[in-house]
Amino acid sequence: DSTLANLYEIPVPDKATSEIRMKPPVPDEAPDFVKNVLGKMIMGEGDELPVSALPADGTYPSGTTRWEKRNLALEVPVWEPDLCIQCGKCVMVCPHATIRAKVFDPALLENAPEGFQAVDARWKEFKGWKYTLQVAVEDCTGCTLCVESCPVTDKNDPNRKAINMRPQLPLREKGRRDWDFFLTIPEPPRYGLIKYNNVKNIQLLDPLFEFSSACPGCGETPYIRLMTQLFGDRVVVANATGCSSIYGGNLPTTPWAMNKEGRGPAWSNSLFEDNAEFGLGMALTRDKQTEYARELVERLRDIIGGDLADRLLNTDQSSEEGIARQRENVAELKAKLQGIDTLDAKDLLSLADMLVRRGVWIIGGDGWAYDIGYGGLDHVLASGRDVNVLVMDTEVYSNTGGQASKATPMAAAAKFAIAGKPLPKKDLGMMAISYGYVYVAQVAFGAKDSQTVKAFLEAESYPGPSLIVAYSHCIAHGYGLEEALDHQQLAVETGFWPLFRYDPRRREQGKPPLILDSKPPRKPFSDYAMREARFRMLFKTNPDHAEELLDAAQKDIEERWEKLKALAQVAHL
Ligand code: SF4
Ligand code: SF4
């Protein structure tokens, strides 16, 4: 009421008098395209760019988020090497790939900046090597999930963990120097010394999805990051429209990145309603091109040599080592084909890379997979083709503002279900299991990260369709995401989100293909639900109805568990 009386004029000088200069949007050492095109967009001057500045064929350079230092976090994690047990859990949960670990030859420390921290690596295979855990302080969003995940606390000071949040500003300069040095440390060999099949070892693999614009604490991006750590140098990604297509591919920068050899995921986005088919098209193209390349190898056997032809056609590519061998074979092939002026040789040269195994990952959220794109997804799963589907299930249309989807659980309130969803969520996993030849897993990285890793490795190795339904906490659930890992744990402990893997290969071994990876529900559903506003809000508006729905949801959880338990006994399922 007193606004007008208290208004006063602030004189604006005729010209700017500040001595502080605007920093350039990206550093000087950034590539030209990043400086001249993306930098302008970051400054809000994209309208001034001529059309000719953009790639004519629609392809777009990847790995460009690394140049856009957002400095969002007020606090960032600081490592305490004396406490750290090098478990890799913090790296596993980070939604932005801003905390990373490396093991390396101590000789590399000669060039390290002053104060760079490293300790002896705790792997028998890396005896004599050093280990470091590094935070990209200018890219970290301060979500605290890494600190929450850390299992180690100082016995003498319960407030001190092996990583702790500290103010970012005083750490910025040193953090930048340390990070730049960290990036020069090579990734350890991908085969030979250790197997990358557990959280501790996977922390050492470079992520090829980094610094995305997802919300701080996002529950989807850790799955994508994990997928790229494991297989990123040989995947093609079909991304449904939704949160993941926005943080994954919005201008000006892209988080999909490449490794030091220049290999990384090829990514494209399609609509809600056709993304699975879009990915199937990628898989069919891959299969056809590989088939033709193999045919050409056979046809050109006399020219390229029988030994090389045999290696190209028969190398077992089920392991990292096999894939590395095949890449060497392909390099040898390309060298031999140079200068051979026949149509077949030219065709084979252009298709040679298709002789290396590559995976198609079809990814998106529940709005796509359960609802708008379900018909196509079902068609693709039924096709029997070798594709991997990752559904990051936030149980609501997160990107468009929280509308209910068929994944929304009973008793939760969402737009279009504001009085509480009266019916249970669709059981996408069970629907896919009904085919009998689809690999299916239901995972929650915050509850059991080892099971998540197993599911990704099995899905990728399965020579047919695979589906991973991944619990993804989300701001739409109505709580601070620093608690998200607890919520994942509770979702599993209450039986709301049972963990399982269904692997048709086990049937051939006479074993039940369905494996339950979580224990029977041991807490009431309300322990989980009442911590999230999406369930709690109904108790404010209609408590009796809310109570009824919660009881019905509890009953549904128990029935679903009994069904899963029974199916896990059946060998011919
Ligand atoms: S605070 Fe969040 S974004 Fe920053 S390193 Fe930890 S998990 Fe990653
Ligand atoms: S979670 Fe804690 S103990 Fe494990 S690697 Fe990270 S800082 Fe070290």
Side-chain angles (χ1 to χ4, degrees), residues 65-66 68-103 117-123 126 130-155 157-169 171-172 175-176 178-179 182-183 198-205 207 209-226 229 247 255 445-446 449-450 453 472-475 480-486 488:
T65 45
R66 72 185 58 167
E68 191 183 10
K69 298 300 175 194
R70 300 188 186 119
N71 283 297
L72 289 180
L74 294 178
E75 292 192 329
V76 292
V78 171
W79 184 41
E80 304 289 350
D82 61 312
L83 285 181
C84 177
I85 56 169
Q86 305 177 13
C87 64
K89 284 191 175 290
C90 50
V91 178
M92 176 75 181
V93 302
C94 178
H96 296 273
T98 47
I99 184 163
R100 301 187 192 176
K102 288 262 169 79
V103 290
Q117 290 186 302
V119 289
D120 290 342
R122 294 188 184 201
W123 277 259
F126 295 123
K130 291 286 178 193
Y131 170 88
T132 190
L133 187 71
Q134 181 64 48
V135 175
V137 295
E138 294 192 291
D139 302 290
C140 166
T141 63
C143 75
T144 76
L145 284 187
C146 53
V147 174
E148 295 300 323
S149 74
C150 181
V152 185
T153 306
D154 188 344
K155 284 195 194 80
D157 178 1
N159 292 323
R160 180 174 172 256
K161 295 182 107 179
I163 33 172
N164 306 281
M165 299 304 284
R166 299 284 179 255
Q168 193 250 27
L169 202 52
L171 298 167
R172 198 179 284 179
R176 186 184 298 149
D178 287 353
W179 178 252
F182 176 85
L183 290 180
N198 57 53
V199 172
K200 180 177 169 83
N201 292 353
I202 289 169
Q203 68 174 313
L204 305 175
L205 296 175
F209 183 85
E210 57 183 14
F211 321 139
S212 77
S213 55
C215 301
C218 173
E220 296 188 353
T221 46
Y223 296 111
I224 302 180
R225 193 216 60 244
L226 173 65
Q229 283 175 292
Y247 59 64
F445 74 91
D449 48 17
S450 57
V453 167
S472 303
H473 56 248
C474 175
I475 52 167
L481 290 189
E482 64 279 1
E483 294 173 21
L485 302 177
D486 285 350
Q488 293 216 17

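For the numbers below, each heavy atom of this structure counts, side chains included, while hydrogens, waters and symmetry mates do not. Note that the coordinates shown come from a computational prediction; the quantities given were computed from them, not determined experimentally. Atoms within a ligand are numbered from 1 in the order they appear, just like the ligands themselves.
Heavy-atom proximity to C140, at under 4.0 Å, picks out these atoms of ligand 1: 1 (S), 3 (S), 4 (Fe), 5 (S). Those atoms of ligand 1 with a heavy atom of T144 less than 4.0 angstrom away are 1 (S), 2 (Fe). Taking every non-hydrogen atom of I163 and a distance limit under 4.0 Å, the qualifying atoms of ligand 2 come out as 7 (S). Heavy-atom contacts of T141 reach the following atoms of ligand 1: 3 (S), 4 (Fe) (cutoff under 4.0 Å). Under a 4.0 Å criterion applied to the non-hydrogen atoms of T98, ligand 1 contributes the atoms 3 (S), 4 (Fe), 5 (S), 8 (Fe). Every atom of ligand 1 is numbered from 1 in the order shown, and the set under 4.0 Å from a heavy atom of G142 is 1 (S), 4 (Fe). Close contacts between ligand 1 and I99 involve ligand atoms 5 (S) [criterion: under 4.0 Å to a heavy atom]. Set against the non-hydrogen atoms of P151, the atoms of ligand 2 under 4.0 Å away are 1 (S). For ligand 1, the atoms sitting less than 4.0 Å from at least one non-hydrogen atom of C146 are 1 (S), 5 (S), 6 (Fe), 7 (S), numbered in the order shown with element in parentheses. Distances below 4.0 Å separate heavy atoms of G88 from the following atoms of ligand 2: 4 (Fe), 5 (S). In the vicinity of V152, heavy-atom distances shorter than 4.0 Å reach the ligand 2 atoms 3 (S).
Nearest heavy-atom pair across L481 and G217 is CD1-O, 3.5 Å. Contact detail for R225 and P207: the closest heavy-atom pair is CG-CB, 3.6 Å. The two residues P77 and M165 make their nearest non-hydrogen contact at N-SD, 3.7 Å. When all heavy atoms are compared, the tightest approach of V103 to A121 is CG1-CB, 3.9 Å.
Using 4.0 Å as the threshold, V76 has no heavy atom nearer than that to any atom of ligand 1. Using a 4.0 angstrom heavy-atom cutoff, P77 does not count as in contact with ligand 2.
In summary, K161 and D154 do not engage in a salt bridge, as defined by a charged side-chain N under 4.0 Å from a carboxylate O. By the 4.0 Å N-to-carboxylate-O rule, E80 lies close enough to R160 to be salt-bridged with it.
Atom 3 (S) of ligand 2 has as its closest protein heavy atom I85 N, 3.5 Å. Scanning all protein heavy atoms for the shortest distance to atom 4 (Fe) of ligand 2 gives C87 SG, 2.3 Å. Protein heavy atom at the shortest distance from atom 2 (Fe) of ligand 1 is C143 SG, 2.3 Å. The nearest heavy-atom contact from the protein to atom 6 (Fe) of ligand 2 is C90 SG, 2.3 Å.
Among the atoms of C150, no N, O or S atom is found under 2.8 Å from atom 8 (Fe) of ligand 2. Taking 2.8 Å as the threshold, C84 does not count as a candidate ligand of atom 6 (Fe) of ligand 2, since none of its N, O or S atoms lies below it.
Using a 4.5 Å cut-off on side-chain heavy atoms (C-beta onward), I224 and Y247 make contact. Within the 4.5 Å cutoff, the side chain of V78 has no heavy atoms near those of the N164 side chain.
Screening C140, C143, P95 for a side chain to side chain contact (heavy atoms under 4.5 Å, CB included) involving P216 leaves a single residue, C143.
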For the pair E138 and R70, evaluate salt bridge (Lys or Arg N to Asp or Glu O under 4.0 Å) and give the outcome as yes or no after the intermediate values.
CA-CA 6 Å; E138 294 192 291; R70 300 188 186 119; over 6 Å; no

Working for salt bridge (Lys or Arg N to Asp or Glu O under 4.0 Å), residues E210 and R100:
CA-CA 11 Å; E210 57 183 14; R100 301 187 192 176; 2.7 Å; yes

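For V91, no heavy-atom contact with ligand 2 is shorter than 4.0 Å.
Relative to atom 8 (Fe) of ligand 1, the option among S149, A97, C94 with the closest non-hydrogen atom is C94.
A cation-pi arrangement is not found for K102 relative to Y131, the charged atom failing to lie both closer than 6.0 Å to the ring centre and inside a 45° cone about the ring normal.
The environment of I475 atom CD1 is sparse: at most 12 non-hydrogen atoms of other residues, nucleotides or ligands sit within 6.0 angstrom.
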